[in-house]
Protein chains: 2
Amino acid sequence: MTSETSKRSPKKEAKSRTSTKEKIFNVSIDLFSQRGFNGVSIREIARDVGIRESSIYNHYRSKDAIMNSIFQYFKGELIKMRPPEARNREDMGQITPEVFRRRAHSTLNLFNDPKMEKIFRIISNEQFRDERAKEIVLDYLIREPYSFSKKVIEIMISNGKIDKVDPKVKAMEFQYPIYSLFLENLLLRSNNSDTSLNEKLIEDHLDHFVNSLKKE
Amino acid sequence: MTSETSKRSPKKEAKSRTSTKEKIFNVSIDLFSQRGFNGVSIREIARDVGIRESSIYNHYRSKDAIMNSIFQYFKGELIKMRPPEARNREDMGQITPEVFRRRAHSTLNLFNDPKMEKIFRIISNEQFRDERAKEIVLDYLIREPYSFSKKVIEIMISNGKIDKVDPKVKAMEFQYPIYSLFLENLLLRSNNSDTSLNEKLIEDHLDHFVNSLKKE
DNA sequence: GTCTATAACAGGATAGAC
DNA sequence: GTCTATCCTGTTATAGAC
């Protein structure tokens, strides 16, 4: 009933090459990031994958369902990269100011992955009209990193590791510039413009902030 | 607005309060900010204005030309609100750290205008795929305010008004958080969410920065 | 799982009457 | 300046053969 060459069970498929569903997923990321959700048709996706439009519907219920899986993937990757300290209350005890530099670098690193970079573009482009995109920007890219920074600062103060500062303001002064610097970085990259000044600013910011926390 | 077909007869123009062209302009801002450029059809714009689609083409050459006039309007408003110090080298002499607070407030104030707020949303939504939008974000919203801040800091240092700091880093620490705080503010507003924490953070940032510049 | 075929309709833009 | 009528292409999605 099954011939190994022409038919494969979905479970064994991961072994050899990318499944059609994965191809649809990847092609959609490419196209959505280039022309926006509304600027891309199911036909284009199908053409780039190499199948007919109607076949798409065997894998995703609708164009919007593809978008949804892209958002889910992005959130999953962000959660996976959260530092252990963000989840493990006990680890907070041994924390040093260097944790800020480390987390910033791993975030920047995550977006060196072309897939994540493209999804960030999609999210930026949809942030004011798609509730899912808005939630990602607000909760995953702004508030959670801010809250984490604030908590770390509070703990370092109560541990006597750093001098007394206002955790609300200090956390903001660390975290908020990073989003803008990062957006600038991705805009420049999408332009093939030089990012060296921007990257210097990022490193200067990290240095300056970590130093400002060191006890006198 | 733009140099689109501006051949209106002077007699008829005095009659109606808002010309058809202005109506098209305003309706387009509403619709584009809600559903994005690609999500809006010429037909919808025409319907909301109260004319037929084909009549649009008497005022704008194409849908894209409407978008262009929106971008031009936005840039014009931003240039108009630049502080005199940003254009007049002589005024730089009498400058005090309060100039940072003033400029931030007038920028925030400019975006209390619903029209400007909506256009900001449009620009955010197009920033990675429309070169005009990208230019506005990079040049008008990030780099120009940064350069202005840097220049002001340099001048205040050479005047002895403030202690010696690195103008590059200091200007970044002032300007970059403002963009993120501001984006957060507009995302929250579009959500009908509470913005009081965000606004408190903005004021704290301005206070903290202006104080950090005061000479000891 | 993919194909062909097609339903059912929306898209931007134009021509020409008034 | 606005209208009606129309062009032609593109759109999401479904039905049923293989």
Side-chain angles (χ1 to χ4, degrees), chain A residues 1-28 31-32 34-70 126 129-130, chain B residues 1-28 31-32 34-70 126 129-130:
Chain A
M1 158 180 173
T2 23
S3 98
E4 214 67 37
T5 42
S6 61
K7 281 192 169 189
R8 267 180 300 216
S9 76
K11 284 171 189 171
K12 291 188 176 178
E13 210 161 8
K15 192 174 169 184
S16 45
R17 49 176 190 181
T18 45
S19 69
T20 302
K21 185 164 188 174
E22 281 175 296
K23 279 187 203 155
I24 296 169
F25 183 77
N26 291 327
V27 163
S28 298
L31 294 177
F32 289 160
Q34 283 164 26
R35 290 198 293 289
F37 182 75
N38 281 321
V40 174
S41 67
I42 290 272
R43 275 174 206 185
E44 282 177 290
I45 298 171
R47 184 170 40 76
D48 281 18
V49 170
I51 55 174
R52 300 290 174 221
E53 315 136 56
S54 53
S55 303
I56 299 269
Y57 295 94
N58 282 311
H59 303 280
Y60 290 96
R61 191 190 284 122
S62 65
K63 194 181 156 191
D64 192 75
I66 302 176
M67 192 67 148
N68 206 52
S69 74
I70 292 173
E126 305 294 330
R129 57 171 175 269
D130 188 305
Chain B
M1 253 171 255
T2 42
S3 50
E4 290 301 315
T5 46
S6 323
K7 44 183 177 183
R8 281 172 296 196
S9 77
K11 313 149 206 168
K12 285 192 176 177
E13 197 180 11
K15 232 181 191 174
S16 58
R17 295 196 324 278
T18 41
S19 69
T20 302
K21 185 165 186 173
E22 281 174 298
K23 280 187 203 156
I24 296 170
F25 182 78
N26 291 326
V27 164
S28 298
L31 294 178
F32 290 160
Q34 284 163 29
R35 290 198 294 289
F37 181 75
N38 281 320
V40 175
S41 66
I42 290 272
R43 277 172 205 185
E44 282 177 289
I45 297 171
R47 182 169 41 76
D48 281 17
V49 169
I51 55 174
R52 299 290 173 215
E53 309 128 62
S54 53
S55 303
I56 300 268
Y57 295 94
N58 282 311
H59 304 281
Y60 292 96
R61 191 190 288 117
S62 66
K63 195 180 155 193
D64 191 76
I66 302 177
M67 191 67 148
N68 206 53
S69 74
I70 292 173
E126 306 293 331
R129 57 170 174 269
D130 189 304

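Residue numbering restarts at 1 for every chain, and letters A, B, ... go by the order of the sequence lines.
- Taking the salt bridge (charged side-chain N to carboxylate O under 4.0 Å, His left out) definition, one finds that A:D48 meets it with nothing, sequence neighbours left out.
- The distance between atom CD1 of B:I45 and atom P of C:dG12, rounded to the nearest whole Å, is 8 Å.
- The separation between B:Y60 atom OH and C:dA13 atom P is 15 Å, rounded to whole Å.
- With sequence neighbours excluded, no residue forms a salt bridge (charged side-chain N to carboxylate O under 4.0 Å, His left out) with B:R52.
- Going from atom CG of B:N38 over to atom P of C:dA10 covers 18 Å, rounded to whole Å.
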Letter per nucleotide, 5' to 3', of nucleotides 12-18 of chain D [B base touched, S only sugar-phosphate touched, - untouched; heavy atoms, 4.0 Å]: BBBB---
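- Applying the salt bridge (charged side-chain N to carboxylate O under 4.0 Å, His left out) test to pairs two or more places apart or on separate chains, those with a residue in residues 55-69 of chain A are A:D64-A:R132.
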Side chain to side chain contact (heavy atoms under 4.5 Å, CB included) between A:F32 and A:I45, intermediate numbers included: CA-CA 10 Å; A:F32 289 160; A:I45 298 171; 4.2 Å; yes
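- Sorted by first and then second residue, the ring pair (Phe, Tyr, Trp, His ring centres under 6.0 Å) pairs with a member in residues 39-69 of chain A form an empty list; sequence neighbours excluded.
- For the salt bridge (charged side-chain N to carboxylate O under 4.0 Å, His left out) test, residues two or more places apart in sequence or in another chain that qualify with B:R35 are B:E44.
- Taking atom CZ of A:R35 as the reference point, atom P of D:dG10 lies 13 Å away to the nearest angstrom.
- Whole-Å rounding puts the B:I51 CD1 to D:dT4 C1' distance at 14 Å.
- Side chain of B:S55, nearest nucleotide from C:dC3, D:dG1, D:dC3: D:dC3.
- For B:H59, whose side chain is taken as the heavy atoms from C-beta onward, the closest listed nucleotide among C:dT4, D:dG1, D:dT4 is D:dG1.
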